[in-house]
Amino acid sequence: MAVAQPNNRSRRCCCCLFNIIWKLLIAIIILVVLIILIIWLIVQPRAFKFSVKEAKLTQFNYLNNNNTLRYNLVLNFTARNPNKKLNIYYDKVEGHVSYDGTRFASTDVITWLNSFRQYTKSTNSMNGVFSGKRVVVFDQNMGSDFERDKKDGIFRIDVKLYFTIRFRLGDFIGGYTKGNIKCGLDVPFGSNGTKVFNVFEPTTCDVTF
Ligand SMILES: *[C@@H]1O[C@H](CO)[C@@H](O)[C@H](O)[C@H]1NC(C)=O
Ligand SMILES: *[C@@H]1O[C@H](CO)[C@@H](O)[C@H](O)[C@H]1NC(C)=O
Ligand SMILES: *[C@@H]1O[C@H](CO)[C@@H](O)[C@H](O)[C@H]1NC(C)=O
């Protein structure tokens with residue numbers, strides 16, 4: 001009994017120390033969660049809004065004999081920062097366009113040369129020029145879709161942009177954040193005013209982080 005007594009006491013003390021650490025840990029976790037929640041509520045971070053304001057397709061010819069697509073597509077985008085507290089740095093935006101599920105052109109929209117800082121509640125524009133010729137093998141029903149779109153004077157073109165941005169809160173700049181933007185466009189062909197009925201409708205895109 002006499003030998004077991006101190007041993008027992010030290011075990012109890014060890015136990016109560018463990019208890020204190022445990023309670024302290026829980027208190028710290030609750031505090032951190034609370035702080036994050038409060039900052040989140042104050043900052044109310046929101047994704048930027050992205051849309052295609054203008055689309056000009058002045059060339060879109062597909063030659064069946066050698067599978068060559070000639071294209072000239074100019075897209076004007078706008079990005080809006082709806083945040084009240086956060087600035088956004090657009091570090092990199094890379095655009096890809098596809099027709100009938102086949103990607104036919106890519107271009108750099110934002111690189112380190114034209115990257116910029118977007119202030120709160122503001123809108124900026126960026127452009128993508130897709131021009132050239134390329135051998136592309138579209139799938140089987142491509143021929144009929146192409147003929148249909150050509151007859152309608154409207155080509156259904158999908159745009160996908162990959163972006164790298166950073167958020168800025170006061171003097172604090174966050175880490176690089178990546179995501180993508182998807183837009184499904186109905187682009188009138190030869191929108192030089194030759195076809196009065198087909199006017200490009202500004203299209204809102206989906207932004208995913
Ligand atoms: C494909 O054929 C057309 C004429 O049929 C020609 O003008 C064009 O240069 C050819 N393209 C390539 C990549 O060979
Ligand atoms: C659209 O983008 C093109 C190509 O960069 C540019 O020349 C043109 O001025 C832009 N149009 C508008 C309305 O911003
Ligand atoms: C559109 O206008 C430009 C310059 O005004 C011209 O070079 C081009 O051929 C026109 N495209 C069409 C399809 O009319």
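In listed order, ligands and their atoms are each counted from 1. Hydrogens, waters and symmetry mates play no part in the numbers below; they use all other heavy atoms, side chains included.
Aromatic ring orientation, F18 versus W22: parallel (interplanar angle below 30°, classes split at 30° and 60°).
Heavy-atom contacts from other residues, nucleotides or ligands closer than 6.0 Å to NZ of K23 number 12 or fewer. Within 6.0 Å of CZ in F209 there are more than 12 heavy atoms belonging to other residues, nucleotides or ligands.
The side-chain hydrogen bond (donor to acceptor under 3.5 Å, both in side chains) test applied to K53 returns S51, not counting sequence neighbours. With sequence neighbours excluded, the residues that form a salt bridge (Lys or Arg N to Asp or Glu O under 4.0 Å) with R166 are D91.
The contact shell of ligand 2, taken as protein residues with any non-hydrogen atom closer than 4.0 angstrom, comprises V74, N76, N127, V129.
The hydrophobic cluster around Y162 extends to none of the other residues, as no ILVMFWY side-chain heavy atom falls under 4.5 Å of it.
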